[in-house]
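Read the structure below first, then the notes.
In what follows, every chain begins at residue 1, and chains take the letters A, B, ... in the order their sequences are listed.
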There are 2 protein chains.
Amino acid sequence: MPHTYDYPRAALTVDCVVFGLDEDDLKVLLIQRGQEPFAGRWALPGGFVHVDETIDQAARRELQEETGLSKVYLEQLYTVGDLGRDPRERVVTVAYYALVRLGDHRVQAATDARNAAWFAVDDPPRLAFDHDAILALALTRLQGKVRYQPLGFELLPPKFSLTRLQRMYEIILERPLDKRNFRKKVLSLGILEELDEVEQDVAHRAARLYRFDERSYRQLVKDGFNFEL
Amino acid sequence: MPHTYDYPRAALTVDCVVFGLDEDDLKVLLIQRGQEPFAGRWALPGGFVHVDETIDQAARRELQEETGLSKVYLEQLYTVGDLGRDPRERVVTVAYYALVRLGDHRVQAATDARNAAWFAVDDPPRLAFDHDAILALALTRLQGKVRYQPLGFELLPPKFSLTRLQRMYEIILERPLDKRNFRKKVLSLGILEELDEVEQDVAHRAARLYRFDERSYRQLVKDGFNFEL
DNA sequence: TTGACATAGTGTCACAAGGACACTATAAAG
DNA sequence: CTTTATAGTGTCCTTGTGACACTATGTCAA
């Protein structure tokens with residue numbers, strides 16, 4: 001009985017589509033490649049899976065190493081292993097997408113001094129490998145998922161106004177939402193906690209702040225509740 | 001510049017969760033393993049990805065080889081690469097799920113004479129590796145997806161009665177549906193073509209037959225229509 | 001032939017959810 | 001104290017959803 005299987009092995013990588021939100025845009029974090037192939041081209045942060053870690057762990061480690069980000073929302077997206085996607089040899093990559101609060105983290109240059117920067121998702125540069133396709137897929141998935149699961153809170157600071165929340169949905173879904181209907185709906189879900197605080201340093205009437213209440217959210221999910229924004 | 005990357009490689013497999021539908025149950029196709037590890041244990045059909053094929057192709061090939069099924073609905077599900085899931089060495093598997101019409105195909109024993117059989121999804125035997133978890137995940141995914149995408153037609157013969165369609169949804173969703181409301185809803189979608197045919201060889205009033213109209217379905221999707229059964 | 005049976009097929013009403021729509025309130029800045 | 005910028009609020013109409021029960025039609029067996 002042999003100790004290993006008699007079959008070819010593939011190089012295994014992870015790639016992360018990291019989404020962030022600023023005032024006007026949904027952004028994606030990209031890394032400028034220092035080496036061939038595709039040297040100088042922008043790419044999704046990622047790298048090889050080590051022998052002693054799970055694929056999920058690899059994704060988190062790469063994210064941490066290349067961007068300094070940790071404890072972010074991370075979810076597996078899709079696995080691609082088409083021939084020729086890497087000109088060198090067959091490389092299978094497991095793609096993830098992550099949601100981060102843009103203000104929280106300062107994105108660091110990677111340890112090996114590659115450049116990191118945020119780009120608007122609807123106007124990215126040409127990407128290395130098949131990363132354009134992965135980015136497009138991630139965006140579609142996010143738009144789909146945000147409709148029936150309150151993922152969006154991962155993109156906002158802990159305290160936020162309803163207007164900020166609405167703008168986030170408008171940016172992600174790429175369509176305007178009615179202010180009164182939006183508030184009616186989102187408040188009726190009962191997953192927002194109204195705080196005794198308002199925005200600071202604004203040159204107009206300050207908006208009340210809210211917090212996402214994960215406890216009642218989980219309760220709703222258990223009861224089989226349906227969202228849909 | 002080296003020709004390959006200096007990183008470990010992993011054995012890469014595909015596993016398929018193949019769903020079928022009979023009168024009373026949602027079924028899953030399993031293979032009895034002939035070799036160690038887990039010899040004699042039932043497992044998901046699957047096998048190694050060859051060097052000259054994409055992962056999708058590998059999934060289709062394995063399905064064909066082990067079960068004789070081809071041209072089925074097949075979709076990628078999830079990739080697992082936890083350490084120790086195969087006792088021999090690190091094996092990364094890309095899981096797929098497939099929907100097939102049970103009557104159409106006669107499931108063949110695999111070429112290497114392993115046993116193949118259908119099991120009710122809610123009462124499967126103990127499975128090899130982490131295949132229990134993959135099966136559970138596939139079932140959840142199917143139940144979720146069937147609500148907003150008319151996948152179910154992949155499980156039915158081309159012509160079917162509304163009662164048969166309703167029973168299919170009831171079996172998948174594991175809850176009863178109201179007959180009149182179901183018909184109202186499904187007919188209002190406009191994706192069923194009413195045929196001038198009725199069931200044959202039934203010992204009671206014969207039901208009218210319908211056909212899934214993929215053309216108008218695609219039109220609906222383009223218009224951003226929302227299903228939800 | 002007719003009665004028993006098994007399933008097909010059909011409509012209404014009440015309630016909830018969703019979408020369109022416009023004005024007043026409040027704070028800051030000049 | 002006026003201007004400016006955004007916060008915050010309610011109604012009505014339409015549509016969707018879910019509960020609910022009887023008649024129609026075919027087969028089969030006595």
message: Under 4.0 Å, heavy atoms only, any strand: does Arg183(A) hit a base, just the sugar-phosphate, or nothing?
response: base

message: Over all strands shown, is Ser161(A) touching base, sugar-phosphate only, or nothing at heavy-atom distances under 4.0 angstrom?
response: nothing

- request: Would you mind checking if Lys159(A) and Glu193(A) are paired as a salt bridge, meaning a charged N to carboxylate O distance below 4.0 Å?
  value: no

- prompt: Is it true that Glu75(B) and Lys145(B) have a side-chain N and a carboxylate O under 4.0 angstrom from each other?
  reply: yes

Any donor-acceptor N or O pair under 3.5 Å, side chains Arg183(B), Thr163(B): yes

How many whole angstroms separate atom [atom1] of [X] from atom [atom2] of [N]?
{"X": "Leu209(A)", "N": "dG8(D)", "atom1": "CG", "atom2": "P", "result": "9 Å"}
{"X": "Arg208(B)", "N": "dA24(D)", "atom1": "CZ", "atom2": "P", "result": "17 Å"}
{"X": "Glu199(A)", "N": "dA5(D)", "atom1": "CD", "atom2": "P", "result": "16 Å"}
{"X": "Gln200(A)", "N": "dA27(C)", "atom1": "CD", "atom2": "C1'", "result": "12 Å"}
{"X": "Asp201(A)", "N": "dA27(C)", "atom1": "CG", "atom2": "P", "result": "15 Å"}
{"X": "Arg164(A)", "N": "dT6(D)", "atom1": "CZ", "atom2": "P", "result": "13 Å"}
{"X": "Gln166(B)", "N": "dT10(C)", "atom1": "CD", "atom2": "C1'", "result": "14 Å"}
{"X": "Glu194(B)", "N": "dA8(C)", "atom1": "CD", "atom2": "P", "result": "15 Å"}

message: When you measure only distances, ignoring hydrogens and angles, does the side chain of Arg205(A) come within 3.5 Å of the base of dA25(C) through a donor and an acceptor?
response: yes

- prompt: Is it true that a side-chain atom of Arg101(B) and a backbone atom of Phe153(B) form a donor plus acceptor pair closer than 3.5 Å?
  reply: yes

message: I want to check one thing: is the phosphate of dT17(D), taken as OP1 and OP2, less than 4.0 Å away from some side-chain N or O of Lys185(B)?
response: yes

query: Mapping Tyr210(A) and Ala206(B) to their closest nucleotides on DNA chain D, which lands nearer the 5' end?
result: Tyr210(A)

Residue whose nearest DNA chain D nucleotide is more 5′ - Leu187(A) or Lys184(B): Leu187(A)

Residue-level proximity of residues 168-180 of chain A to DNA chain C when a heavy atom falls under 4.0 Å: Asp178(A), Arg180(A)

- request: For Gly46(B) and Asp15(B), work out which heavy atoms get closest and say how close.
  value: CA-OD1, 3.8 Å

message: Assuming nearest nucleotide by heavy-atom distance, tell me which of Ala203(A) and Asn181(A) is located more 5' along DNA chain C.
response: Asn181(A)

task: Scan Leu44(B), Leu63(B), Val28(B), Leu30(B) and name whichever one has a side-chain contact (heavy atoms from CB on, under 4.5 Å) with Val18(B).
output: Leu63(B)

task: Quick one: sort the Tyr148(A) and Tyr148(B) rings into parallel, tilted or perpendicular, breaks at 30° and 60°.
output: tilted

